[in-house]
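All ligand and atom numbering here is 1-based and tracks the order in the structure.
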Amino acid sequence: MLSQMTAIPDHPAGTDSPQSGTADLPPVPLTRLDNADPGLMEELLAAVADVARRAAFTLGEEVEAFEADFASYCEVPHAVGVSSGTEALVLCLRAMGLGSGDEVIVPANSFVATAEAVTLVSATPRFADVDADTQLLTAAHVEAALGPRVRAVIPVHLYGRTVDMEPILELARGRDLRVIEDAAQAHGARYQRARVGSLADCACFSFYPSKNLGAWGDAGAVTTGDAGLADRVRLLRSHGERPRYEHLLPGTTARLDALQAAVLRIKLARLDAVNEARRQLAARLRAAIGPDPLPPPEPPPGQDHVYHQFVVRCDERDALRSHLDACGVASGVHYPTPIHRSPAYANPAGPRLPTAERLSQTVCSLPIYATMTDLEVARVIEACQTFASPTERTV
Ligand SMILES: *Cc1c(COP(=O)(O)O)cnc(C)c1O
């Protein structure tokens with residue numbers, strides 16, 4: 001994904017009609033990172049310089065301050081900074097005592113890390129299908145994937161849209177299952193007025209650079225209301241050490257870097273504005289695009305979408321992507337292979353999950369990022385509209 005990013009074009013943002021000579025414009029990228037915002041860059045570089053001058057790289061003030069800010073933002077008692085979203089998932093599963101012989105239900109259409117974390121603790125992922133409209137796990141799909149060894153379920157707020165958690169939590173309560181939110185794509189979203197990250201036993205966040213809250217490298221966090229669980233994750237991320245050179249349990253090196261914490265603290269203050277900009281861009285795209293390609297449905301009241309990705313669907317997905325490319329509009333596929341069909345997990349005896357399999361062939365992610373200009377929005381819309389009406393393209 002990173003290779004598709006380009007620097008901000010050096011012409012000013014405009015509202016010109018896209019017809020007025022787009023041929024010489026650089027392509028609209030799928031996303032943009034912090035180097036597209038000179039004001040933000042200056043602030044972030046100063047914060048990084050400050051940490052470097054103090055040589056305060058490991059844990060300490062900066063990490064504690066970010067953890068306090070992030071816990072308060074997520075409206076949850078505890079946040080623990082870790083080295084990636086994958087480690088957040090791994091450490092939660094370990095802290096819950098899950099391992100060999102245990103099974104964990106995960107949606108088949110997620111980034112591979114959701115399943116990988118389960119494998120990394122020697123437990124086994126059980127893949128569930130998803131709802132065709134929302135592309136998310138539902139209680140019915142969890143129920144269909146249940147088995148005697150299932151101990152936990154990891155709903156994924158995929159693309160930034162909130163999973164309908166209440167029915168899943170209710171099912172889990174009745175069967176003594178732990179519920180872990182994979183919130184790696186949904187920082188700041190709300191479900192029934194509560195923040196993502198506060199909805200289940202614990203939640204895992206990734207701050208990979210392109211996520212809605214992104215660091216300058218790999219970083220992640222665990223949020224939870226369970227003080228014991230937070231404490232175990234804290235021990236595990238740093239060799240089970242407390243105090244220095246006393247190792248209470250075998251852990252690992254999976255701390256959040258202080259440099260990343262400094263970057264994240266500054267960006268957290270802007271996250272609500274970034275998410276609101278994404279929602280507004282999505283509303284403009286949705287209003288102008290469709291029915292082919294089909295824009296994502298709007299979430300119902302009480303649910304939310306922060307548009308980590310704006311994912312349209314199209315039966316002729318590859319033709320759509322070629323057309324977008326010819327129009328100078330980048331696109332992506334999240335994800336081209338459902339996890340249970342990837343070589344790492346393919347199992348001929350495994351279940352067929354028709355919706356996840358179908359989605360992997362029809363989904364297409366369009367550009368969306370808070371610094372998108374009116375001209376860029378217009379170019380994306382025009383590219384989609386000319387695909388829907390191919391005859392108009394030739395006039
Ligand atoms: C990004 C992501 C992860 C993994 O996060 P890393 O920080 O890259 O390890 C896990 N789950 C989902 C849904 C993601 O999008």
- Task: Would you check, one step at a time, whether the test salt bridge (Lys or Arg N to Asp or Glu O under 4.0 Å) holds for Glu75 with Arg190?
- Result: CA-CA 11 Å; Glu75 301 166 2; Arg190 287 191 182 273; 2.9 Å; yes

- Kindly give the cluster partners of Leu259, where membership spreads through any ILVMFWY side chain lying under 4.5 Å from a current member.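 Members alongside Leu259: Leu40, Met41, Leu44, Leu45, Val48, Val51, Phe57, Trp216, Val263, Ile266.
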
- Message: With no hydrogens and no angle check, just 3.5 Å: does a side-chain donor-acceptor pair link Asp164 and Tyr191?
- Response: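 A pair is found: one side chain offers a donor N or O, the other an acceptor, under 3.5 Å apart.
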
- Pairs involving residues 344-354, ordered by first then second residue, that meet salt bridge (Lys or Arg N to Asp or Glu O under 4.0 Å) (sequence neighbours left out):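 Residue pairs passing salt bridge (Lys or Arg N to Asp or Glu O under 4.0 Å), neighbours aside: Arg352-Glu357.
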
- Task: Would you mind listing every side chain to side chain donor-acceptor pair (under 3.5 Å) that reaches into residues 120-129, with sequence neighbours excluded?
- Result: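 Residue pairs with at least one partner in residues 120-129: Glu103-Arg126.
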
Filter the ligand 1-protein atom pairs down to N or O on both sides and distance under 3.5 Å, then list them.
from	atom 1	to	atom 2	distance (Å)
ligand 1	5 (O)	Ser206	OG	3.2
ligand 1	7 (O)	Gly85	N	2.8
ligand 1	7 (O)	Ser206	OG	2.6
ligand 1	9 (O)	Gly85	N	3.4
ligand 1	9 (O)	Thr86	N	2.8
ligand 1	9 (O)	Thr86	OG1	2.5
ligand 1	11 (N)	Asp182	OD1	3.3
ligand 1	11 (N)	Asp182	OD2	2.8
ligand 1	15 (O)	Gln185	NE2	2.8
ligand 1	15 (O)	Lys211	NZ	3.0

- Message: Under the criterion ring pair (Phe, Tyr, Trp, His ring centres under 6.0 Å), I'd like the reasoning laid out for Phe111 against Tyr208: C-alpha separation, chi angles, the key distance, then a yes or no.
- Response: CA-CA 13 Å; Phe111 181 58; Tyr208 182 78; 8.0 Å; no

